[in-house]
Amino acid sequence: MERQSYTLPGLPDWHRCAVMGILNVTPDSFSDGGKWLDPGLAVEHGLALAAQGADIVDVGGESTRPGARRVPAEEELARVLPVVRGPAREGVLVSIDTMRAEVAEAAVEDGARIVNDVSGGRADGRMAKAVARSGVPFVVMHWRGQSRAMDDLADYRDVVAEVAAEVVCQMDAVVSAGVDPAQVIVDPGLGFAKGRRDDWSLLAALDAWRALGRPLLVGPSRKRFLGELLADPVTGEPRSARDRDAATAATAVLAAAQGAWAVRVHEVRATAAAVRVEAAIRSYRATAGQVSRESGSTRRSLSPVP
Ligand code: PMM
């Protein structure tokens, strides 16, 4: 499938699926909680993610795991700002993962160049206006409610159609509040108010999101549906979160093949390689198609991968 190219003002076009590396500065995120609470270690990790091939480093200071409680804004600010500043000063493209307008604004002032809001502007009525003022791209993720209650909100008849339709409503709302439509990135919100089957249904139909005409971000990393897929065949125990990276890379590359603009992952190295493989195959396919069209041949050219 041909890759759609999107121009997001202020961001490069990577000509392949981009990789967003996750940097959670939280004590309680589901797979890396507590690892990067020390700002020095967190900054080092952000730089390491970039060196491993992350195109974007996504800094978050509030866990959104199912059942998680909100943290006070001051605490979120204290966690994220030094960790945005450090890598941004070194030229790393940093996004801020927050549901709070004041955190988004402060982070952009300190060098963040994308706002990633898992609530797509719904958790904080001031968010869309704040993003509009800051003029940076805005990730509008599908969201039905706060983490403490979201598992009870996973009720769909046609999850693919409903999630896309709800994201369109969220998108319309942020555009009405002043966000430039050319700055909107959409995300189906895997694991957020989704049952396991919902996540798989969404992943199987990512190419349907092309109809929205906006870049698509997908966040499968280490999520529950992968742990359940890889459950121990004897005990039925889900595979531990830290042992889901190979499945994450596989999911990421399949998302890339369906046209995803970017994938959000904890372990960057494997996914950075995988999206390059996907891009090489795509480019080979395009070249081969062109050669066969030019020569009038129906056979594929066997020229080497560029
Ligand atoms: N998932 C999490 C956090 N932030 N942001 C976007 N845009 N998409 C996601 O799927 C997403 C996100 C939860 O995962 P984490 O706690 O491991 O960061």
Side-chain angles (χ1 to χ4, degrees), residues 17-37 42 45-46 49 54-71 76 79-80 83 94-100 103-104 107 112 114-123 127 131 136-144 146-148 150-151 163 167 170-171 174 184-194 198-199 202-203 206 209 214-227 240-242 244-245 247-248 251-252 255 260-268 271:
C17 179
V19 178
M20 177 184 268
I22 301 171
L23 180 43
N24 285 324
V25 197
T26 57
D28 55 343
S29 287
F30 75 97
S31 82
D32 55 355
K35 272 193 93 173
W36 314 113
L37 264 179
H45 185 56
L49 291 176
D55 302 295
I56 305 164
V57 171
D58 190 40
V59 176
E62 184 173 55
S63 172
T64 49
R65 66 184 297 164
R69 301 260 153 203
R70 303 291 318 260
V71 297
E76 192 185 346
R79 287 179 187 174
V80 296
V83 183
V94 173
S95 60
I96 177 70
D97 184 349
T98 184
M99 289 185 274
R100 287 195 171 100
V103 176
I114 300 174
V115 174
N116 173 25
D117 178 357
V118 297
S119 83
R122 293 185 61 200
M127 178 64 102
V131 175
V136 299
F138 187 33
V139 179
V140 173
M141 198 192 82
H142 177 256
W143 190 81
R144 282 188 163 183
Q146 292 290 353
S147 301
R148 64 179 180 279
M150 68 182 175
D151 280 353
V163 167
V167 166
Q170 290 176 229
M171 219 162 53
V174 304
V184 174
I185 297 159
V186 293
D187 184 327
L190 298 177
F192 287 79
K194 312 289 182 317
D198 300 326
D199 288 322
L202 287 164
L203 279 167
L206 290 176
W209 288 68
R214 297 309 310 148
L216 176 70
L217 171 64
V218 184
S221 197
R222 298 181 179 169
K223 283 188 178 163
R224 190 166 48 183
F225 64 95
L226 295 175
S240 76
R242 300 304 304 277
R244 299 175 190 166
D245 286 332
T248 297
T251 313
W261 168 79
V263 285
R264 181 180 180 278
V265 296
H266 296 88
E267 203 284 309
V268 160
T271 293

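These numbers come from a predicted model, not from an experiment. Numbering of ligands and ligand atoms starts at 1, following listing order. Numbers here are sequence positions counted from 1.
- Under the 4.0 Å criterion applied to side-chain N and carboxylate O atoms, Glu62 and Arg100 are assigned as salt-bridge partners.
- Taking Trp209 as the reference, nothing meets the ring pair (Phe, Tyr, Trp, His ring centres under 6.0 Å) condition, with sequence neighbours excluded.
- Listed by chain and number, Ile22, Asn24, Phe30, Thr64, Asp97, Asn116, Val118, Val139, Met141, Asp187, Phe192, Leu217, Gly219, Lys223, Arg264, His266 each place a non-hydrogen atom less than 4.0 angstrom from ligand 1.
- Residues meeting the side chain to side chain donor-acceptor pair (under 3.5 Å) test with Thr271, sequence neighbours left out: none.
- Ion pair Lys223/Asp199 not flagged as a salt bridge, since none of the NZ, NE, NH1 or NH2 atoms sits closer than 4.0 Å to an Asp/Glu carboxylate oxygen.
- Take Phe192 and apply the ring pair (Phe, Tyr, Trp, His ring centres under 6.0 Å) test, not counting sequence neighbours, and it matches no residue.
- A donor-acceptor pair under 3.5 Å is absent between the side-chain atoms of Gln170 and the main chain of Arg122, judged by distance alone.
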